[in-house]
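This report concerns only the one structure given below.
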Amino acid sequence: MTAATAVIGALALAGCGGGTTGGTETGGADAGTGDPGSTSLTIGIANEQPYGYMGDDGEATGFDPEITRQVLVNLGYSEENLEFRVVEFGQLIGGLQAGQFDLVAAGMYINPERLEQVLFTDPDYCTYEGLAVAEGNPEDIADYQSFTENPDLTIAVATGTVEEGYAKDAGIPAEQIESFPGIDQMYEALAAGEVDAVTGTAATVNTHVAATEGIEAVEPFFPEDAEGNETLPCGGIAFAQDDGAFRDEFNEELNTLREDGTTTEIITSYEDQDGNPYFTEQDVETANELTVDDFRG
């Protein structure tokens, strides 16, 4: 049994039978109160495929916006009153805290640090990490440890993403980590030879590799935490700390969709350019066995 398998098993046992979140927080936000049919909501996304992005028709798409629409419509909100707004990933939590968004539907990973800043639903998916490298992988890069073993290599991370923490936890020196404000800028740097690799979720890496000449993806992997243990990245929908009542209402309906297979159907329907699903049913089933409490430190 690998360390990742042990982590999955432990989390699954802890989360079995649970569809609710512990430690309910309540606040005074307008969302989730009054008449939902006449309430307008602003939802933050980061233009990252397949999590949440603007399609060619100018409409928000991706599995988290799709799931969010379904949940909110089921709760009585009008789809025409839902506005999706694109910002850089690193601005999502700050925007949520500042009241610019009512919720964030961007495939955001749940971790203890973020749980101190915002509220999360139970996870709707889990996934591996990935790295994009130059075609042919001339530096033989396999994972984060490749950078600790070779001080001449540099890795690109997007500001505000968990990959910043993963890189540091792996022991990569700060001078080998290049931070970028957005996803596209990282891939432009890789194409220009300014960095040796770009990190992100395997789904995001595969999307950019399929659309960009001259780069390829390494085999997906589980990142390691500061103690050298493999972790399982899982994501959910985020809410402001004072919006506990709305989060709980949303989470209850989300769990209905987790249980009846709707989230599995939506998430596994997103495919890359070769027609391969970004996520398997097992990726969703693993998330469905967990609650947000399993990610608290």
Side-chain angles (χ1 to χ4, degrees), residues 4 45-54 62 86-94 106-109 111 113-114 127-226 228 230-233 235 272-274 276 278-279:
I45 60 176
N47 224 25
E48 185 177 4
Q49 298 185 31
Y51 305 95
Y53 60 100
M54 287 298 179
V86 175
V87 298
E88 298 290 358
F89 191 92
Q91 298 175 13
L92 287 170
I93 287 180
M108 184 176 287
Y109 282 168
N111 60 31
E113 180 181 1
R114 286 178 177 161
T127 189
Y128 288 85
E129 281 295 291
L131 289 169
V133 297
E135 192 171 23
N137 196 5
E139 300 296 341
D140 197 26
I141 295 170
D143 51 26
Y144 294 132
Q145 282 63 48
S146 298
F147 296 84
T148 64
E149 296 166 359
N150 186 344
D152 295 326
L153 298 179
T154 55
I155 185 171
V157 301
T159 303
T161 64
V162 294
E163 280 77 23
E164 286 185 310
Y166 290 156
K168 293 175 182 177
D169 287 346
I172 301 176
E175 60 268 23
Q176 291 178 245
I177 302 173
E178 297 289 340
S179 296
F180 292 83
I183 307 298
D184 291 339
Q185 292 94 323
M186 295 193 299
Y187 287 89
E188 292 170 359
L190 177 61
E194 297 171 359
V195 296
D196 296 294
V198 167
T199 181
T201 66
T204 297
V205 168
N206 289 337
T207 296
H208 282 271
V209 165
T212 308
E213 293 184 1
I215 65 174
E216 65 180 59
V218 306
E219 189 72 19
F221 59 94
F222 286 113
E224 294 184 352
D225 62 20
E230 290 179 332
T231 61
L232 184 65
D272 62 22
Q273 293 184 348
D274 296 324
N276 301 310
Y278 289 108
F279 300 99

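Values in this document were obtained by computation on a predicted structure and should not be read as measured data.
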So, does [X] use its side chain to make a donor-acceptor pair with the main chain of [Y] at under 3.5 Å?
X	Y	result
Gln91	Val87	no
Asn206	Ala202	yes
Asp272	Ala210	no
Thr212	His208	yes
Thr159	Gly90	no

Look up atom [atom1] in [X] and atom [atom2] in [Y], then write down how far apart they are to the nearest 0.5 Å.
X	Y	atom1	atom2	result
Phe147	Ile155	CZ	CD1	4.0 Å
Leu92	Arg114	CG	CZ	9.0 Å
Asp143	Glu149	CG	CD	7.5 Å
Ile172	Leu153	CD1	CG	9.5 Å
Met186	Ser179	CE	OG	10.0 Å
Glu164	Glu113	CD	CD	9.0 Å

Close side-chain approach of [X] to [Y], heavy-atom, < 4.5 Å:
X	Y	result
Phe180	Val195	yes
Val157	Glu178	no
Glu48	Tyr53	no
Pro173	Pro151	no
Glu163	Lys168	no
Asn150	Glu139	yes

For this session: Look at the rings of Tyr109 and Tyr166 and say which category their plane angle falls in: under 30° parallel, 30 to 60° tilted, over 60° perpendicular.
Result: tilted
Distance-minimising heavy-atom pair for [X] and [Y]:
X	Y	answer
Ala170	Thr148	O-CG2, 3.2 Å
Pro50	Phe279	CG-CE1, 3.9 Å
Ile141	Ala197	CD1-CB, 4.2 Å
Ala167	Ile177	CB-CD1, 3.8 Å
Gly200	Glu129	O-OE1, 3.2 Å
Phe89	Ala106	CE1-O, 4.1 Å

Exercise. Are Phe221 and Tyr128 close enough that their ring centres sit under 6.0 Å apart?
Worked result: no
Would you tell me whether [X] and [Y] have side-chain atoms, one donor and one acceptor, within less than 3.5 Å of each other?
X	Y	result
Thr199	Tyr144	yes
Tyr278	Thr207	yes
Gln176	Thr154	no

Problem set entry | Test applied, side-chain contact (heavy atoms from CB on, under 4.5 Å); reference residue, Asn137; option that passes from Leu131, Val218, Ile215 | Val218
Problem set entry | Atom CD of Glu213 with >12 non-hydrogen neighbours under 6.0 angstrom | no
Exercise. Yes or no on side-chain contact (heavy atoms from CB on, under 4.5 Å) for Ile183 and Thr204, after CA distance, side-chain angles and deciding distance?
Worked result: CA-CA 9 Å; Ile183 307 298; Thr204 297; 4.2 Å; yes
Problem set entry | Test log, rule side-chain contact (heavy atoms from CB on, under 4.5 Å), inputs Val205 and Val198 | CA-CA 8 Å; Val205 168; Val198 167; 5.5 Å; no
